[in-house]
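Report on the structure given below.
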There are 2 protein chains.
Amino acid sequence: MADDLQLKPVQPVRAYERVVEQIEDLVMRGQLKPGQRLPSERELTARLGVSRSTVREALRVLESDGVLRSRAGDPRGPEILPFSPATLRKAMTRLARVAELGLGELVQFRMLLDSAASMLAARLATQEQIGAMEAAIEEMEDAVDRGYAAFSEADVAFHDAVARASGSTLIQVLTDVVRGVVLGLIAHKIADSPDSRTLMATSLQHHREVLDAVRQRDGQRAARLARESLYAYYAEYVPEAERPLLRALLDDPDA
Amino acid sequence: MADDLQLKPVQPVRAYERVVEQIEDLVMRGQLKPGQRLPSERELTARLGVSRSTVREALRVLESDGVLRSRAGDPRGPEILPFSPATLRKAMTRLARVAELGLGELVQFRMLLDSAASMLAARLATQEQIGAMEAAIEEMEDAVDRGYAAFSEADVAFHDAVARASGSTLIQVLTDVVRGVVLGLIAHKIADSPDSRTLMATSLQHHREVLDAVRQRDGQRAARLARESLYAYYAEYVPEAERPLLRALLDDPDA
DNA sequence: TGTAATTTGTTCGTATGTATA
DNA sequence: CTATACATACGAACAAATTAC
């Protein structure tokens, strides 16, 4: 007998899975576009030749994946949704919890993303995109006196502007997701900080420097400043033991 | 009337969603660990006070999220699974298709991940982890004569070793995911390349240089070489129009 | 080895509340 | 406001699969 035939164990394919695949395929191929409606459950039952329960299980899975939404009583049928990073965020959040990602690793990854985004922004950003960064900085200046919440909001706007200017959808989405997880872990600590005003002023200055590097089209400097800025802002909330992870991304890790 | 009360529209919460939440919570809190079993569908029906259909819809969603697996006839009940990046990969793949991510953006992101991984590996890797990289390189050397498939496998092993040595789970998982998407898009093109042998030899030399920089603990050099290596390997498959995205990550983008 | 018991996979019927026209 | 079609949810039934004895 040939002993090295590549035979894999066969697992039964359930009916609802084939329904999910069919609908997913239609969406992937663009035959079903956001806003369009799927036939009603009863019609799907008839067209697919499976029971209502099977159709429903498939719809629940697709719904939880953010592919569509079905509402009770809507005679137009389930609605195909536009893509949203919600599923990615869910998966990422689970990864963070189940894999027990430390704050250190999350901040490290943010440094990585923001650094790359700043590099790309310096080299590729349009004047309009640079204008959006400038507007966000002005908003931050105004917000210093209005407290941490307002400042944080403007800060997010700045980083979003940079991420958009990077031209990379992946960087944009992942920045959004990772920031959400990080802020969820420590927002209250920063808000409660007694010298949060000093923190904001320092952070604002760092952001100005990044913007300056972007304006001068100096990608490497923008990237370096972005890393240093995040390190300065978050390092104190990261446990001592994990700080080497952050420092390893700085140009001079032993300084 | 107060006009600025933050009132959001309430959307009905369906029964199966509350079941999903309960079980997801138990897994998140570590009260249900991988390998453990959930009660049977009928017992869940009784304990949760909902019908079996509702329980099943919840189980299907959890199954599609990779949280558990239920097999027909298994009297021990659904099994809690260890975390796997499968969901992340699924979400990422959908993002790539639906957001119409070009090959350029995907390769760009790989450059970014591999660059960071190499930098971190140079600064943090243990001798054992460096040994794994060396072993992968030797495997690549052997594989040059055995064709693209074998070479690609060894190549993957090298990048995995680097990603592991980076100490970052996020880098590790995302490298795996993005590589899967990229290879899915162009593996056949490389395999069919007439001068694939030359390509392999060049790539092998680049990998040796990265390893050398890691051995010498030169993070910045390792990162730069990693970017250049990926650029050299993939650039020709990336449409002309998207290549500036890749070059923007090189130290000298105009060269 | 084979068989019995239990579980999941799937279907069908029904009652109820809801959104749309 | 009403009629209609819809989704939600329940429960019973049978087939197929798995385990354990």
Side-chain angles (χ1 to χ4, degrees), chain A residues 7-24 26-27 32 34-82, chain B residues 7-24 26-27 32 34-81 86:
Chain A
L7 296 177
K8 293 182 206 168
V10 170
Q11 57 233 10
V13 179
R14 285 167 288 196
Y16 89 91
E17 285 182 319
R18 283 183 305 221
V19 175
V20 169
E21 276 174 30
Q22 278 200 48
I23 297 176
E24 224 165 25
L26 287 174
V27 175
L32 273 173
Q36 284 192 318
R37 303 303 184 119
L38 227 50
S40 74
E41 289 185 3
R42 284 178 173 82
E43 182 150 353
L44 285 172
T45 292
R47 303 244 296 251
L48 294 167
V50 294
S51 77
R52 183 104 187 275
S53 310
T54 299
V55 168
R56 296 189 99 255
E57 288 176 17
L59 290 180
R60 293 297 81 80
V61 168
L62 290 166
E63 196 162 10
S64 116
D65 281 353
V67 175
L68 52 82
R69 175 185 52 186
S70 70
R71 289 155 60 235
D74 190 337
R76 293 169 302 184
E79 178 183 5
I80 304 295
L81 298 178
Chain B
L7 295 176
K8 294 181 208 168
V10 170
Q11 58 235 8
V13 178
R14 284 167 288 197
Y16 89 90
E17 285 181 321
R18 283 183 303 220
V19 175
V20 168
E21 275 175 29
Q22 279 200 48
I23 296 176
E24 225 166 23
L26 287 174
V27 175
L32 272 173
Q36 284 193 317
R37 303 303 185 119
L38 227 51
S40 73
E41 291 183 2
R42 283 179 172 81
E43 181 150 354
L44 284 172
T45 293
R47 303 244 296 251
L48 294 167
V50 294
S51 75
R52 189 149 93 98
S53 311
T54 301
V55 169
R56 284 179 60 75
E57 287 175 19
L59 289 180
R60 292 296 81 81
V61 168
L62 290 166
E63 196 162 9
S64 122
D65 282 352
V67 174
L68 54 82
R69 174 186 52 184
S70 69
R71 291 157 60 239
D74 191 335
R76 293 168 302 183
E79 178 183 4
I80 304 294
L81 298 178

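Labels below follow one simple rule: chain letters A, B, ... track the order of the sequence lines, proteins then strands, and each chain is numbered from 1. Since we're looking at a predicted model, the values are computed, not measured.
Note: CZ (Arg69(A)) to P (dA7(D)) measures 14 Å, nearest angstrom. Atom CZ of Arg37(A) and atom C1' of dC6(D) are 12 Å apart (whole Å). When rounded to the nearest whole Å, the span between CG of Leu44(A) and C1' of dT10(C) equals 17 Å. The distance from atom CD of Glu79(A) to atom C1' of dA7(D) is 15 Å, rounded to the nearest whole Å. Rounded to whole Å, the distance from CG on Asp74(B) to P on dA5(C) is 19 Å. Following rounding to the nearest Å, Arg71(B) (CZ) and dA16(D) (P) show an atom-to-atom distance of 19 Å. A straight line from CD of Glu63(B) to C1' of dG9(C) spans 11 Å, rounded to a whole angstrom. The nearest whole Å value for the distance from the CG atom in Leu59(B) to the P atom in dG9(C) is 8 Å.
Counting atom types as modelled, Ser53(A) pairs a side-chain N or O with a base atom of dC12(C) as donor and acceptor under 3.5 Å.
Mapped onto DNA chain D by nearest heavy atom, Arg52(A) and Pro12(A) fall at different nucleotides, with Arg52(A) at the one closer to the 5' end. In terms of position along DNA chain D, the nucleotide closest to Glu57(B) lies nearer the 5' end than the nucleotide closest to the other residue of the pair Ala72(B) and Glu57(B). Mapped onto DNA chain C by nearest heavy atom, Gly73(B) and Val55(A) fall at different nucleotides, with Gly73(B) at the one closer to the 5' end.
Among dG11(D), dC6(D), dT19(D), the nucleotide with an atom closest to any side-chain atom of Arg42(A) is dC6(D). Nearest nucleotide to the side chain of Pro78(A), out of dA19(C), dA7(D), dC12(C): dA7(D). Closest to the Pro75(B) side chain, of the nucleotides dT7(C), dA9(D), dT8(D), is dT7(C). Candidate nucleotides dT19(D), dA9(D), dT8(D) were compared by shortest atom distance to the side chain of Ser70(A), and dT8(D) ranks first. Out of dC12(C), dT8(D), dT10(C), the shortest distance to the side chain of Thr54(A) is found at dT10(C). Among the nucleotides dT8(D), dT20(C), dT11(C), the one closest to any side-chain atom of Arg60(A) is dT8(D). Distances from the side chain of Arg56(B) to the nucleotides dC10(D), dT10(C), dA20(D) place dT10(C) closest. If you check dC6(D), dC10(D), dT7(C) against the side chain of Ser40(B), the one that comes closest is dT7(C). Of the listed nucleotides (dA19(C), dG11(D), dG9(C)), dG9(C) has the atom at the smallest distance from the side chain of Arg14(A).
Nearest heavy-atom pair across Thr45(A) and Arg52(A) is OG1-CA, 3.4 Å.
In terms of phosphate contacts, Arg76(B) brings a side-chain nitrogen or oxygen within less than 4.0 Å of OP1 or OP2 of dT19(D).
No side-chain heavy atom of Val27(A) sits under 4.5 Å from any side-chain heavy atom of Leu62(A).
Base pairing analysis places dA7(D) opposite dT16(C); the two distances defining the Watson-Crick or G-U wobble pair are each below 3.5 Å.
Atoms CD1 and CG, on Ile23(B) and Leu32(B) in that order, are 8.0 Å from each other to the nearest 0.5 Å. Within the model, atoms OG of Ser70(A) and CZ of Arg56(A) stand 7.5 Å from one another, a figure rounded to the nearest 0.5 Å.
When atom types are taken as modelled, the side chain of Glu17(A) and the backbone of Arg14(A) share a donor-acceptor pair closer than 3.5 angstrom.
A salt bridge links Glu63(A) to Arg60(A): at least one charged side-chain nitrogen sits closer than 4.0 Å to a carboxylate oxygen.
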